[in-house]
Participant: 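This is the structure I want to talk about, given as structure tokens.
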Amino acid sequence: MGPGTAWYLSVAGFLFAVGSLGVLIRRNPLIVLLSLEIMLNGANLALITFARHLDSGDGQIFALAVMAVAASEVVVGLGLIVALNRKRVPLDVDRLSSLRG
Amino acid sequence: MIPRPHIDWFALAPMNALLAVSAIALLSAVLVPRPWRKGVASAFCALGYTVALGFAVALYVRSAHPHGVVADVFRRDRLTELAGIIVAGSGLLATAISYRERWREDHVGEYYALLAAAGGGMLFFVGANNLMTLFLALEWFSICLYVLCAIDRDRLGGLEAALKYLVIGGFGSAVLLFGSALVYGATGAIDFPGIAAAGRQHDALLLFGLAMIVAGLGFKASAAPFHMWTPDVYEGAPTPVTAFMAAATKTVALVVTLRLLITAFSADAHVWTVALAAIAVCSLVIGNFAALAQRGVKRMLAYSSISHAGFMLIPIAADSALGARALLYYLVPYTAMSLGSFAVVAARERELGVPVTFENMAGFGWERPLLGISMWAFMLGFAGFPLTGGFVGKFYAFAAAYRHGWTWLVIVGVLATLVSLYYYLGLIRAMFMRRSEDLQLAPIGGSPPRDALLQGAVFACLIVTVGSFFAVQPLIDLAKHASSSLPF
């Protein structure tokens, strides 16, 4: 008998909170992408926890699909960072400020 | 023999057509020689959108009885198809506007492939009938749009816009996903009817999830306070992409919000009507006041689109069949006005080679009368003047709020409209009442040739904007049939 549903949910919520804090306060776009992944994984853990708790397969299939989506999203993000890096832009989201008004 | 589910391929035909042309356009990037590549890719993209439009119209006519498709993950009804018609029309016009965009053309095949694929994702999104389809379709078109923003790798603005869009869009999607997980936990279902049918015991869990889903959709619809990406992304993205985003993304995000809240969460209406009204007021205030301060036309239009997200959330917040009709009617002139106004900005941008501001729009109305008069009509339409569909749309939206008993929301909306007159009329003044001799222009390589495709697209938008005022009854009937597929 392992830890209960509430524990898994707490971990999921914690991961989501850590991820969102990372997106909001970190300045390196690579770390920001990493934090986005942590948010999605927190949501995945919540989905799987509920799937086990409710004994239904929907949440597990949902989580599998989310993994594929998260991977493709981060691929696009990394591609953008490489393209920005080729233009010799410093990797710092605070200094990406040519658009403002 | 494995039993196979019955699949209604006709209902999936619009998306499949767009996916097919997306694949062909992507192959043309490799197989077609460079001089013909743009022509072939754009022709296929336009063909795909035309076929999708045709299928959507046929499906609208033949979907009087709504039903689920592919194990009920997707809904075939008139709401899906009406939104599909709007998206496919926007995509067709965006293809025409893109054709003569000045950019380095080594990724033109990929551009049209992504444009078609984004449309396919949106068509799936509007029909989503469970939270998984909703999330997958949302990411499908969002990822296409992130790449489209950065398609011109030489422009730092485009790359920056794409990264901002990706980070904030990804944040919004993650919030939506966590909300979906909580709703799933509270109700044990991910399909909309199942969520509606589940008892409401875990109220805190469910309401928290609902709030996160509404916030996630708010990011996509660029409603305040989830709007912070909008001005930067609209400014930095290539203008045809901005036009498509402003028209189609907003349409699908609002239609899905309507469907989700009405079909899955009608039991919690006392909560989300108030939340949506608050978001609407926030968008109206922030959008209109921030737009007053803008000098760049694209940024002004971006803030105007935030304020219109507010206007169009009012009828959803009214939670009535009248509200649904008002939203679906309003979307028709709204998409035409956004596409048209960004197309006119694109035309001026191609003439000047610099970002378009209020100052360098001077005299444009006299130089290009068709575009000038169209822009006039679009601005008056945004402001809600009679003789344009914007007037009827706002009238219906306010009527829905009034019927719901929210006179204060109507008053906020009317005040916001009055504020918006300043910058909409300011642009008309800049185009027609400032002399272009005062302007220090550095045209890039002389006057560019007349762009028939862009002018045709703008003219089509003008006809829809003005026509939707005169053809109110047929359009309201369309919207009425579409909204009748929702359980009010």
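Chain letters run A, B, ... following the sequence lines, proteins first, then strands; residues in each count from 1. Just so we're clear, the structure is a prediction, and the values are computed from it rather than from any experiment.
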Participant: What are the residues of residues 6-19 of chain A, in order of number, with any heavy atom under 4.5 angstrom from a heavy atom of chain B?
Facilitator: A12(A), G13(A), F16(A)
Participant: Check the surroundings of atom CZ in F208(B): do more than 12 heavy atoms from other residues, nucleotides or ligands lie under 6.0 Å from it?
Facilitator: no
Participant: Is L182(B) close to chain A through its backbone or its side chain, or both, or neither, when contacts mean heavy atoms under 4.5 Å?
Facilitator: both
Participant: Can you sort out the partners of R295(B) under salt bridge (Lys or Arg N to Asp or Glu O under 4.0 Å), two or more places apart, ordered by chain and number?
Facilitator: E359(B)
Participant: Hey, which of F135(B), W140(B), Y146(B) has the most heavy atom pairs under 4.5 Å with chain A?
Facilitator: F135(B)
Participant: Heavy-atom cut-off 4.5 Å, strictly under: side chain, backbone, both or neither for M300(B) against chain A?
Facilitator: neither
Participant: Please work out whether the ring planes of Y184(B) and F50(A) are parallel, tilted or perpendicular, with thresholds of 30° and 60°.
Facilitator: perpendicular
Participant: Which bit of L54(A) is near chain B, if near means a heavy-atom gap under 4.5 Å: side chain, backbone, both or neither?
Facilitator: side chain
Participant: Under 4.5 Å heavy-atom distance to chain B, tell me which part of S20(A) shows up: side chain, backbone, both or neither.
Facilitator: both
Participant: With S22(B), which residues qualify under side-chain contact (heavy atoms from CB on, under 4.5 Å), at least two apart?
Facilitator: A113(B), A116(B), A117(B)
Participant: Minimum heavy-atom separation for A43(A) and A181(B), please, with both atom names.
Facilitator: O-CB, 4.0 Å
Participant: Please check if atom NE2 in H53(A) has more than 12 non-hydrogen atoms from other residues, nucleotides or ligands closer than 6.0 Å.
Facilitator: no
Participant: Only distances under 3.5 Å count here; give the side-chain donor-acceptor pairs of residues 71-80 of chain A to other protein atoms, sequence neighbours excluded, each with its distance to 0.1 Å.
Facilitator:
from   : atom 1 : to     : atom 2 : distance (Å)
S72(A) : OG     : A68(A) : O      : 3.1
S72(A) : OG     : V69(A) : O      : 2.9

Participant: Looking only at heavy atoms, which two atoms of L159(B) and A83(A) are closest? And how far apart?
Facilitator: CD2-CB, 3.8 Å
Participant: Do L166(B) and L33(A) come within less than 4.5 Å of each other through their side chains, counting heavy atoms only?
Facilitator: yes
Participant: Should the heavy atoms of other residues, nucleotides or ligands under 6.0 Å from CZ of R155(B) be counted, would the total exceed 12?
Facilitator: yes
Participant: Side chains of L156(B) and L84(A): does their closest heavy-atom pair fall under 4.5 Å?
Facilitator: yes
Participant: Can you give me the closest heavy-atom contact between L131(B) and F62(A), atom names plus distance?
Facilitator: O-CZ, 3.7 Å
Participant: Please give me the minimum heavy-atom distance between L36(A) and G170(B), naming the atom from each residue.
Facilitator: CD2-C, 3.5 Å
Participant: Which bit of F171(B) comes within less than 4.5 Å of chain A, counting heavy atoms only: side chain, backbone, both or neither?
Facilitator: both
